[in-house]
Protein chains: 2
Amino acid sequence: MRSPEALAQRFREANLKVTPQRMAVFEVLGTGPGHPAAEQIHRSVVEKLPNVSLRTVYQVLRELSELGELVMLDLGTGAVRYDHNLTQHHHLVCDECGAVVDIPAHLTEVQYAGVADLGVSVSTAELVMRGTCSPCHAAGSTTAESTKPSSQPTMQQLGDPHA
Amino acid sequence: MRSPEALAQRFREANLKVTPQRMAVFEVLGTGPGHPAAEQIHRSVVEKLPNVSLRTVYQVLRELSELGELVMLDLGTGAVRYDHNLTQHHHLVCDECGAVVDIPAHLTEVQYAGVADLGVSVSTAELVMRGTCSPCHAAGSTTAESTKPSSQPTMQQLGDPHA
DNA sequence: AACTAATCAACAATCATTGTTGATAACGGC
DNA sequence: GCCGTTATCAACAATGATTGTTGATTAGTT
Ligand SMILES: [Mn+2]
Ligand SMILES: [Mn+2]
Ligand SMILES: [Zn+2]
Ligand SMILES: [Zn+2]
C-alpha cells in the first residue's frame, strides 16, 4: 500500500480530485488490517470524517482498484474484500472467523507448467486455502467452541475478531 | 459423478424420496458439461421434465452438496458453479467466456508446508487460475475479439460458449 | 472566482439465492 | 392399492452486496 500522499498524487495525475473523503479512505486503508470489506472501511472512515456515505466509499474503492492501487478479492465470503497488499501472495480464509490471512508467496510452491497441454493459457494463479487462522487456533481449545456450537462458518464480527 | 441410480440409492438411504425432479437433476448433471450454474441446470432439466421450478433445482443441488456428491464452487463469477468432479483438481476461469476448466491436480504442483510457521492450519487448498480457455484460444485470432470489443469479462452465454 | 467534479441523502434496482405459504402431487412402506 | 409423510408447485417476499439515479450542495483546481 502506498502512502496517502502518494495516492493523492496518483489521483491528481488521473484528473481525479483529492477530496477529504478520498483522503480519509486512503488513510484508513493504510492503517487498518488486511482485508476489510466495504462496510468496515466505511465504519472506520466515518470515525474520522462523519457524513461520508457508504456510496462514496464504494466509489473510491473502485477507483483505487481501477488505478491498480487496490485489489478486489472475491473469496466467497459474501462481500468483496479489499486488499492493499500489492506483493505477490496467496490467501487463507479462516473457517471459524472469516478472516483472510496473507500467505507470502515464498512460503508456498505453485507450479502449473503442465497445463499448457490443455491448450489453456494462464495469466494469474492464486492459491486459496481454507482452514484456521492463528488467533482462532489460540482461542480454539479454550473458549471458541463454546460460543460456536457447530454452526456454519459465521464470519460474524468482521471488524477484527481478535483484537 | 456417480450414476443417477447410485445417487438415487444414496437419497433413499438418507430418507429422501427419489422424485422425477430429483432424477432429472441427477441425469442432467451426469451428461452436461463441467461447471454449470443453477440456471443452466434448470434450463436443461425443464427440457426433459417441464414445470420443474428453479426453486426445486436449487433445493436438489443443495441436498446433493450436503451429501458430498456435488461441490458448490464460488469462483467470483457471479453465480455458484456446481461441480460433479469429485477428484482432486483445480480450476481455470476463462477471462473471455467465463468457462470454468478443470485442471487435474497432477498437472500442477502445490506445496505449502511453510505456512505452519504462520500458526495457521490448512484444511483445503485450491488453485484458482485466470486466463484463456482452449476454445477461446482457437477462436481468439479469428472472430472472438470482433464480438467483444474490449469490455469487461462478460460471461454472457453461460450455456456452453463453444458448442 | 469560475468551472467542473465530487458528494450528499434518499431511494430504486439489480441479481443470485433462500424463505414462505397453502394447495396439490407423489414416493415408499405396508 | 392406501395412507402418511415428503416433495413440489406457483407466486411471491426477503435477503444482502453492490450499483444506478437525481437534484441540490460542496469544494478542488486552475
Ligand atoms: Mn492479501
Ligand atoms: Mn471442477
Ligand atoms: Zn479465525
Ligand atoms: Zn473461454
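Letters A, B, ... are given to chains in the order of the sequence lines, protein chains preceding strands, and every chain is numbered from 1.
A search for side chain to side chain contact (heavy atoms under 4.5 Å, CB included) contacts involving B:Thr124 returns A:Arg130, not counting sequence neighbours. Applying the side chain to side chain contact (heavy atoms under 4.5 Å, CB included) criterion to A:Ala14, with sequence neighbours excluded, gives A:Leu16, A:Leu67. Every residue two or more places apart in sequence or in another chain that forms a side chain to side chain contact (heavy atoms under 4.5 Å, CB included) with A:Gln59 is listed here: A:Arg55, A:Glu63. Applying the side-chain hydrogen bond (donor to acceptor under 3.5 Å, both in side chains) test to A:Arg2 and every residue at least two apart in sequence or in another chain returns A:Glu69.
When the C1' atom of C:dT7 is taken as reference, atom NE2 of A:His42 falls 12 Å away, rounded to whole Å. What separates CG of B:Asn15 from C1' of C:dC27 is a distance of 12 Å, to the nearest Å.
The backbone N or O of A:Ala8 lies less than 3.5 Å from no partner atom in the side chain of A:Arg22, so there is not a single donor-acceptor pair.
Under the 4.5 Å side-chain criterion, counting only non-hydrogen atoms from C-beta, A:Arg12 is in contact with A:Val18. Proximity of B:Val60 to B:Gln21: side-chain heavy atoms (C-beta onward) are nowhere separated by under 4.5 Å. When side chains are defined from C-beta on, A:Met23 does not count as touching A:Thr19, because their heavy atoms never get closer than 4.5 Å. Under the 4.5 Å side-chain criterion, counting only non-hydrogen atoms from C-beta, A:Thr56 is not in contact with A:Val25.
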Sequence-aligned protein contact record of nucleotides 10-22 of chain D, with B where the base is within under 4.0 Å of a protein heavy atom and S where only the sugar-phosphate is: S------SSBBB-
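Contacts between residues 18-32 of chain A and DNA chain C, counted as heavy-atom distances below 4.0 Å, involve A:Thr19, A:Gln21, A:Arg22.
Residue pairs that meet the ring pair (Phe, Tyr, Trp, His ring centres under 6.0 Å) test with at least one member in residues 46-88 of chain A, sequence neighbours left out, do not exist here. Applying the ring pair (Phe, Tyr, Trp, His ring centres under 6.0 Å) rule to pairs touching residues 1-33 of chain B yields B:Phe11-B:Phe26, sequence neighbours excluded.
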Under 3.5 Å, which N/O atoms of the protein pair with N/O atoms of nucleotides 23-25 of chain C?
none

Got a list of protein N/O to nucleotides 2-4 of chain C N/O distances below 3.5 Å?
from: C:dT4; atom 1: O2; to: A:Lys17; atom 2: NZ; distance (Å): 2.9

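The nearest pair of heavy atoms linking A:Leu118 to B:Ser134 is O-CB, 3.6 Å.
With distances taken from any side-chain atom of A:Arg12 to the nucleotides C:dA6, D:dT29, D:dT8, the minimum falls on D:dT29.
Comparing the local axis fitted to the first five base pairs of the helix from C:dA1-D:dT30 to C:dC30-D:dG1 with the one fitted to its last five gives a bend of 50°, rounded to 10°.
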Listing, residues 97-110 of chain A side-chain donor-acceptor contacts under 3.5 Å, not counting sequence neighbours, or none:
from: A:Asp102; atom 1: OD1; to: A:His35; atom 2: NE2; distance (Å): 2.7
from: A:Asp102; atom 1: OD1; to: A:His89; atom 2: NE2; distance (Å): 2.9
from: A:Asp102; atom 1: OD1; to: A:His91; atom 2: NE2; distance (Å): 3.2
from: A:Asp102; atom 1: OD2; to: A:Asn85; atom 2: ND2; distance (Å): 2.9
from: A:Thr108; atom 1: OG1; to: A:Ala105; atom 2: O; distance (Å): 3.1
from: A:Glu109; atom 1: OE2; to: A:Gln111; atom 2: NE2; distance (Å): 3.0

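For A:Glu13, the CD atom is densely surrounded, since the number of other residues' heavy atoms within 6.0 Å is greater than 12.
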Steps toward side chain to side chain contact (heavy atoms under 4.5 Å, CB included) verdict (A:Leu92, A:Thr132): CA-CA 8 Å; A:Leu92 179 138; A:Thr132 308; over 6 Å; no
